> 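Could you have a look at this structure, given as structure tokens, before my questions?
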Amino acid sequence: MSDPALDALRARMHELKDLGGILGLLTWDQETYLPSKAGPARAAQLATLQGLYHQRLVAPEVGDWLERAERGELDADTRAMLKVFRRERDHAVGVPESLVRALAEAQSTGLETWRQARSERRFDRFAPALTRLLELRREQADAIGHGGERYDALLDHFEPEMTTARLLPVLERLRSALVPLVDALDGAMTGPELFDGRPFDPEQQWRFTLQLLELLGFDLNAGRQDRSIHPFTGGTHPTDVRLTTRIDPRNPSPAVFGTLHEFGHGLYEQGFSPEHHRTSLAASPSMGLHESQSRLWENLVGRSLPFWGFLYPRLRAAFPEALAAVELEDFHRVINRVRRSPIRVEADEVTYNLHIVLRTSIEVRLLRDDLAVGDLPEAWNTEMERTVGLRPRDDVEGVLQDIHWAHGEFGYFPTYALGNLYSASLMLAAEGALPSLWDEVARGEVGSLRAWLHEHVHRHGARLSAEERVQAVTGHGLTDVDFLAYLRAKYSALSGKPLPSPPAPGTPRAQMP
Ligand code: ZN
């Protein structure tokens, strides 16, 4: 029996998904093909459309439909769909339109002054815009509501059901486990300097990434790849998934690993169940789980020896001059080399999470008013020294390096670390279910891994929370055990060194709360 409230709600959800898709197309275009003079016009178009989206979402009738529909007899999928939709609407309703507009303005100013501050290599140029963004985010967090920890309200936007109290100990444990590993491995992995100025033809790189997408099984009839300065995955619908990659004419790594990373995101997007399309369920439940998919392909598959055993001869054939003298084992060691770097996006798998530990602890302090914006560069540099073990030369290498704060995004960084942890747990489960997985990968066959991920993760969309989904697949919730075991096994083999043990677990495998 059909419920009129539910029918009306579904129709509105379809409309909102369509508007979201159009917004996705406009932002994708903004980052890829938009003529430079059209920037202000596009900003206005986006603001208008976002306003329209907001109005259609918070309209009072939608609240009535939700309440009525929630009282009905619902199957599990419909109940989950309403839960996801209510979360989005409750967040939007709590925030007054004046604040939404003020935020949009502060974000534009933030981006502009951040670019300026970077070109002058001076944080103080960016400080006033950042102060304003933080003020507004505090206001927003208070409007959304929280139990005394503002950061929770912002975190919840990217990682529903995660809290600061839960997150910080996870990151602290990572810090104590990873610092000794970096100490042991930094400088211990020898190998040639591969990317020291040899040319890697950009067109050849481009063709290679497209072949890679085909090999991995990205459906190019339901998506495409283009170039952008900052690679991302966007699009309008699971049948229209847009990946971007970046090409460096002297180094194929950004293109190859960027494509592998965005492929992971894109495959997830293409894999949502058709019966969920144009509803709230055709989405990942969290950025952390989304990131687990990109990291799984980029790192766990994409930096493995079996994978390169298959792919390296092809890469070498594409760049015979640059790679003629480089053997597979050397190449594999170089793409996994552990080296302290002040720059997050250049970090290897071992140091990467330390960059996230640093950013998250700073974000929490900023939102708690425990740290003033003026003291931020020094706090950053001190924390970098304590965590990663080096001091940035200037603010561009330090506090100005990421775009996230310029855009007023606080609470996003932790999802990268959660993605790394989830990716290792999911991969372990896949290895258990598919005994010949690595033999297949070594033959360039990733179909069974792809199918396994589809069956256990992708097709479910937002039916469960991220951690519930991981629990359903692996039998346990968020944990660092699988990730640290993966790193130790991989890097003791790569470095030929015994590695320090992880700290005795104060808390055993973290369980679902
Ligand atoms: Zn990503």
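Counting starts at 1 for both ligands and their atoms, in listed order. We use all heavy atoms of the structure for the numbers below, so side chains are in, but hydrogens, waters and symmetry mates are not. Treat the numbers as computed from the prediction; the structure is a model and nothing was measured.
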> Is Arg121 salt-bridged to Asp395, cutoff N-O under 4.0 Å?
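So Arg121 does not pair with Asp395 through a salt bridge.
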> Quick test of your reading of the model: are Asp348 and Arg337 salt-bridged, counting only N-O distances below 4.0 Å?
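Result for this pair is no, no salt bridge flagged.
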> Which protein N, O or S atoms sit under 2.8 Å from the Zn ion (ligand 1)?
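Listed by chain and number, the atoms are His261 NE2, His265 NE2, Glu291 OE1.
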> According to the side chain to side chain donor-acceptor pair (under 3.5 Å) rule, which pairs have a member within residues 229-238, sequence neighbours left out?
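Found Thr233-Glu262, Thr236-Asp240, His237-Thr239.
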> Do Tyr33 and Asp226 pair up side chain to side chain, a donor and an acceptor below 3.5 Å, judged on atom types alone?
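Asp226 and Tyr33 do have a side-chain donor-acceptor pair below 3.5 Å.
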> Any salt bridge (Lys or Arg N to Asp or Glu O under 4.0 Å) involving residues 230-239? Give me the pairs, sequence neighbours left out, ordered by first then second residue.
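Listed once each, the pairs would be none.
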> Could I get the full list of salt bridge (charged side-chain N to carboxylate O under 4.0 Å, His left out) partners for Arg89, not counting sequence neighbours?
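In terms of salt bridge (charged side-chain N to carboxylate O under 4.0 Å, His left out), with neighbours along the sequence ignored, Arg89 is linked to no residue.
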